[in-house]
Amino acid sequence: QCRPYNLAAVKHIRDLDPSDIDKLVCIKGMVTRTSAIIPNLRYAVFECAACGQEVAAPNVGGRVEDPTGCAGCKKKWSMALQHNKGQYTDKQLVKMQESPNDIPEGETPMGVTLYSYDTLVDVARPGDRVTITGIYRAAAVRANPRQAALYAMFRTYVDVVHVHRDESRRLFSAAGGAADAAAAEAEPTIRVLLELAADPRLTQRLIASLAPNIWEMDDIKKGVLCQLFGGCSKAFPGGKIRGELNVLLVGDPSVSKSQLLTYVHKLAPRGIYTSGKGSSAVGLTAYVTKDPETKEMVLESGALVLSDRGVCCIDEFDKMSDSARSMLHEAMEQQTVSVAKAGLISTLNARCSVLACANPIGSRYNPNMSIAENINLPPTLLTRFDLIYLVLDRYEEQRDRRLARHLVSLFHPGSTDRSRTAGAGDLISPDLLKKYVAYARARCQPKLSDEAAEELVTRYQTLRRDGRERKVVMATPRQLESLIRIAESLARMRLDAHVRRDDVAEAVRLWYGAMAGSTSGGAGGGDGRPDLDTLYTGTTAAQR
């Protein structure tokens, strides 16, 4: 079979018109739904009821001509279809819609129906960004199946010839590349990525390259980088522990929370960006709809399911409805979405990291109240976040001057006071950074070394002892799992196969820095150290 691809002109879905019918076209978009595999008849076998002679009839344009008589015994209308003797091929219906970047201002995304056959079945999954090469077809629609009358409007679809998935996922799959051609194509890129991993200043360069227009916030960027690289999932008999990190950014307006969120969404190989007010409970998980083709009830994937193996970015997290927020409890810890409605009972995978932004109740953060009172989120949901960063707009003259100079330098390229964390030569391009993240997630599975395991136990014991002396809760087993995930992500950042003692120390520092700001006591006279009771109960030990 010949599968042409890489056409010179790539069309948007909304640009397809009647002049493209029965021509080879190339379109880009995101897969939203795939059907079950449908057996498609290639040729049918008819057998004579009188003499037993068999005749094969091919499927031409979706129709099989029924033989009117037997060629052997010359009897009329004696041929009967033998279902088990014909040959069938796999066929799948795929729904694809425009990528968010390709939608014009004020428009809603348009979709197209695709039909894939044989080896192209199950190549594209919901949530994948793909480039499709295929033949644009038009089919007549009958007004009534029993009559020959046709509607004047035709139904259009694309017969898929080739599927090109997003490069970062295609080249660096967990299996190590699908075909020899793909592996050979990826070889120069892998060489560049390994050279990048050997750089002693890799961590500083990665932090500087993540949203370079956002000034400082190095610890927050490092925490978000840990989320992008992720830890390793563990499966045990009777259960599993997630490897994805969940991060929450809470703070005042105008501190670049949404900009960081948007940048991470563009950088992640997979993921959906959604806002709190614009998300319903079923929109996040899954909803039931009637299939226009088969008229049956089917499940449509929501944002969390489409972000499987990626990052789901939720802005305005505090403004979500209670019903939508309650759906996140299962998805953030068990990494599944259970649906039981309209006779459809299923459990869908939602193995995604959640990066959320929230504003305090009174728009600005009140340091005299706990974080649970400030953002009005249930404590059960807050405990599922591995890192909770408090981003405040502090008034410091020196800092304000540096920030103002940095912002002006973004609009004035000739400015001499260009205050970047790293020079322009040290920045990693977004495309290379995206490939590096995808490669690290696919190929690097770090394991805990003996010294790292011992350090984790010691650090956890120290945190528990400090809490016992102060009569507060400083760490729980869930926090220990978080520390392991952060340490694994730091090792994966260097493409290291083993987690070292330094990774554990840095993971504790990152966790302590994030949680100390967000869970330290407010009006109760907290001393700046973490008190997880503020997440569990909303009040500190000192206030009780």
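One-based numbering along the sequence shown. All heavy atoms count here, side chains included; hydrogens, waters and symmetry mates do not.
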Tell me yes or no: between the side chains of R3 and T119, is some donor less than 3.5 Å from an acceptor?
-> yes

Can you tell if the side chain of Y436 reaches within under 4.5 Å of the side chain of L202, non-hydrogen atoms only?
-> yes

Criterion side-chain contact (heavy atoms from CB on, under 4.5 Å) against V224, the qualifying member of L267, L387, L260 | L260

Are Q335 and N349 close enough that a side-chain donor and a side-chain acceptor fall under 3.5 Å?
-> no

Looking at residues at least two apart in the chain, or sitting in another chain, which of them share a salt bridge (Lys or Arg N to Asp or Glu O under 4.0 Å) with R384?
-> none

Can you tell me if NZ on K234 sees more than 12 non-hydrogen neighbours from other groups inside 6.0 Å?
-> yes

CG of L248 to OH of Y389: how many Å apart, nearest 0.5 Å?
-> 11.5 Å

Test log, rule salt bridge (Lys or Arg N to Asp or Glu O under 4.0 Å), inputs E455 and R459 | CA-CA 6 Å; E455 182 74 8; R459 295 281 184 150; 2.8 Å; yes

Can we say E506 and R509 salt-bridge, meaning some charged N sits less than 4.0 Å from an Asp/Glu carboxylate O?
-> yes

Who are the ring pair (Phe, Tyr, Trp, His ring centres under 6.0 Å) partners of Y263, not counting sequence neighbours?
-> none

For H265, check side-chain contact (heavy atoms from CB on, under 4.5 Å) against everything at least two apart and list the hits.
-> R129, Y273, C313

Are a donor atom and an acceptor atom from the side chains of S233 and R242 found within less than 3.5 Å of each other?
-> no

How about S489 and Q227: does a side-chain donor come under 3.5 Å of a side-chain acceptor?
-> no

Taking the six-membered ring for Trp and the full ring for Phe, Tyr or His, determine whether the centres of Y439 and F229 are under 6.0 Å apart.
-> no

So, Q445 versus R492: side-chain donor-acceptor pair below 3.5 Å or not?
-> yes

Sidechain N-carboxylate O distance under 4.0 Å for D503, R494 | yes

